[in-house]
Trainee: 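If you scroll down you'll find the structure; I have some questions about it.
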Amino acid sequence: MTSTVHSFQVRLAGNLRSNALQRQLASVSTRLASSSGNEGEFDYDLVVIGGGSGGVRASRISSSHGAKVALLETRLSHGMAPQYSAIGGTCVNVGCVPKKLMVFASRYPGEIKEMEGYGWKGATPGQFDWKTFLENKNAEITRLNNVYNNFVLKNAGVEVIEATGSLSGPNSISVHHTSTGETSTITAKNILIAVGGWPFKPSIPGIEHAITSNEIFYLEEQPKRLVVVGGGFIALEFASIMDGLGSDVTLMYRKDLFLRGFDMDMREHLKEEMENNSKIDLRFNTDPKEIVKKDDGTLVVIDQDGNEVECDAVLYATGRKGKIDGLNLESVGVKTEASFIPVDEYSRTNVDSIYAVGDVTDRIALTPVALMEGHRLADTLFGGMDRPVDHEYVASTVFTTPEIGTVGYTEEDAAAKFGDIDVYKNRFRAMKHSFPKSETYSLMKLIVETKTQRVIGCHIATDGAGEMIQGVAIAVKMGATKDDFDATIGIHPTSAEELVTMRTPSHYYRNGVKVDKL
């Protein structure tokens with residue numbers, strides 16, 4: 001797993017309750033209280049504050065189990081500053097969905113560039129129309145807002161309230177209605193906080209001129225020159241996207257190499273591919289200290305050494321914080337750590353009636369993880385089940401070009417945890433790029449625990465890595481061994497067949513020490 005996932009699991013293990021029977025009894029007690037003795041005592045069985053992925057899933061599943069549920073979301077339609085997000089959360093409005101649409105748009109020039117090698121003469125990328133793309137994007141997000149509100153939630157029996165919620169007691173919520181500005185109070189046996197995260201910007205002179213992953217989706221004009229600050233997957237994805245769309249991109253990162261926590265081979269491979277197959281100006285060990293706005297509206301980014309880069313926009317992607325401002329958590333004693341809410345394996349806070357899921361808990365900030373957390377909470381509270389969260393072997397993808405798909409442990413973390421591992425990897429030019437003689441390479445990698453021969457990590461850098469890793473993740477989650485991979489017949493000709501044809505380890509680790517040959 002990435003170091004972020006691994007360190008999270010270590011933190012979580014330290015917070016788990018020691019007695020499994022106590023957990024089950026507490027879960028049963030909560031369900032019984034909700035379904036019997038408290039009828040009429042509260043307005044709702046569950047009130048959810050936040051209509052993102054985790055909140056929507058928890059609401060819908062709880063309602064399907066017979067609970068009376070209300071969900072509070074500040075906006076039911078996207079694009080309204082300063083919220084930007086709306087029903088559906090970050091993913092639908094200013095995250096996964098519009099970003100992936102941008103990824104698709106950004107890759108057409110690369111496809112066209114290789115057409116001549118396949119016999120197509122005179123093909124050119126043409127002119128990218130930013131405004132047309134945004135109009136189409138906005139129409140699609142509006143459609144999804146409507147789907148979430150009117151079909152996913154209302155059809156499931158969830159009462160959707162366009163409002164902001166804050167705690168006024170362990171079982172009461174102040175409801176600040178968006179349309180009227182009025183405030184009312186409702187009560188609930190259980191309260192779920194699912195407000196998500198918010199982009200973080202450091203305090204440097206001129207930071208007010210910078211944008212984030214919120215504003216990029218609503219810029220009236222495409223920035224011809226863009227500085228992206230950060231080294232995580234959001235920074236890398238937007239740098240790759242905007243480069244593909246024709247902007248001149250400079251990426252600034254304060255450390256030696258981006259994507260900290262990912263497998264080192266993948267990090268180095270992506271750096272090499274970006275250097276060879278993009279126009280992105282990669283600047284490592286570079287930390288902006290000031291942003292200056294000139295009279296003509298353009299910006300100048302000045303780094304720690306006094307170097308200057310002129311640009312039309314500066315996008316900061318230097319992390320996210322929990323969106324807890326205004327929740328009034330302190331009034332009921334909900335514990336926080338920095339801007340996040342710590343929870344146990346049942347997503348319960350230190351206050352028994354209050355739960356939290358998704359990015360605000362600082363576990364794994366991925367949409368499908370929030371979905372899992374919300375679903376399992378609903379099953380536990382109202383479905384008669386005992387379903388703690390499960391954060392092991394979570395697959396993810398970085399939607400750069402090329403994509404990076406990953407599941408399980410990195411080489412570095414696997415060596416530290418298991419001691420003895422076998423590492424298989426292969427770097428090659430995929431047929432699609434080899435034929436037109438493009439210098440574009442793929443990298444496939446398997447991490448195998450020596451003792452059990454279980455595949456404990458898989459990392460892929462190639463076209464469509466996200467689609468590929470989803471299928472592999474099923475096998476890894478089920479405990480597939482290297483023999484299982486070897487016994488699987490490959491699909492030819494594909495890049496994915498490399499995963500079942502690698503027979504000889506490239507190197508090993510014994511007692512945590514790298515060994516080239518045994």
Trainee: Measure from the ring center of F399 to the ring center of F233 and say whether it is less than 6.0 Å.
Mentor: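 Ring centres of F233 and F399 not closer than 6.0 Å.
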Trainee: Who pairs with T318 by side chain to side chain donor-acceptor pair (under 3.5 Å), at least two apart in sequence or on another chain?
Mentor: none
Trainee: How long is the straight-line distance from CG of L257 back to NZ of K255, given to the nearest 0.5 Å?
Mentor: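 The distance works out to 11.5 Å.
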Trainee: Would you call E330 and K335 a salt bridge, taking side-chain N to carboxylate O under 4.0 Å as the test?
Mentor: no
Trainee: Would you say L144 and V97 make side-chain contact, with heavy atoms under 4.5 Å?
Mentor: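 Side-chain contact under 4.5 Å: yes.
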Trainee: Can you tell me if D312 uses its side chain to pair, donor with acceptor, with the backbone of R225 under 3.5 Å?
Mentor: yes
Trainee: Could you check whether R57 pairs with E373 (Lys NZ or Arg NE/NH1/NH2 to Asp/Glu carboxylate O, under 4.0 Å)?
Mentor: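 Salt bridge: no.
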Trainee: Once side chain to side chain donor-acceptor pair (under 3.5 Å) is applied, do any residues pair with S85, and if so which ones, sequence neighbours excluded?
Mentor: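 With sequence neighbours excluded, S85 shows a side chain to side chain donor-acceptor pair (under 3.5 Å) to no residue whatsoever.
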Trainee: Working note: K271 + E268, criterion salt bridge (charged side-chain N to carboxylate O under 4.0 Å, His left out); need CA distance, chi angles, decisive distance, verdict.
Mentor: CA-CA 5 Å; K271 174 178 177 286; E268 292 176 342; over 6 Å; no
Trainee: Just say parallel, tilted or perpendicular for the rings of Y84 and Y218, cut-offs at 30° and 60°.
Mentor: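 The rings of Y84 and Y218 sit tilted, inter-plane angle from 30° to 60°.
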Trainee: Is D45 paired with K189 through a side-chain N to carboxylate O contact shorter than 4.0 Å?
Mentor: no
Trainee: Measure from NZ or CZ of K477 to the centre of the six-membered ring of Y393, then state whether that distance is under 6.0 Å and the direction lies within 45° of the axis.
Mentor: no
Trainee: On a heavy-atom basis, which atom in T410 and which in G261 lie closest, and how many Å separate them?
Mentor: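 So the minimum-distance heavy-atom pair works out to CG2-O, 3.6 Å.
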Trainee: Okay, side chain of K224, backbone of D248: is any donor-acceptor separation there less than 3.5 Å?
Mentor: no
Trainee: Show every salt bridge (Lys or Arg N to Asp or Glu O under 4.0 Å) that has at least one partner inside residues 166-175, sequence neighbours left out.
Mentor: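 Non-adjacent pairs meeting salt bridge (Lys or Arg N to Asp or Glu O under 4.0 Å): zero.
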Trainee: Any salt bridge linking D281 with R283? Criterion: basic side-chain nitrogen under 4.0 Å from a carboxylate oxygen.
Mentor: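 Looking at D281 and R283, the cut-off is met.
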Trainee: Evaluate the ring planes of W130 and F128, with Trp represented by its six-membered ring, and classify them as parallel (under 30°), tilted (30 to 60°) or perpendicular (over 60°).
Mentor: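 Answer is perpendicular, since the angle exceeds 60°.
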Trainee: So how far is it from L327 CG to S166 OG, rounded to the nearest 0.5 Å?
Mentor: 7.5 Å
Trainee: Supply the atom-to-atom distance I404 CD1 to T462 OG1, rounded to the nearest 0.5 angstrom.
Mentor: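 Here the interatomic distance stands at 11.0 Å.
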Trainee: Regarding R143 and E140, does a basic nitrogen lie under 4.0 Å from an acidic carboxylate oxygen?
Mentor: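 Between E140 and R143 there is a salt bridge, with a charged N closer than 4.0 Å to a carboxylate O.
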Trainee: Is E162 paired with R75 through a side-chain N to carboxylate O contact shorter than 4.0 Å?
Mentor: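 Answer for the salt bridge query: no.
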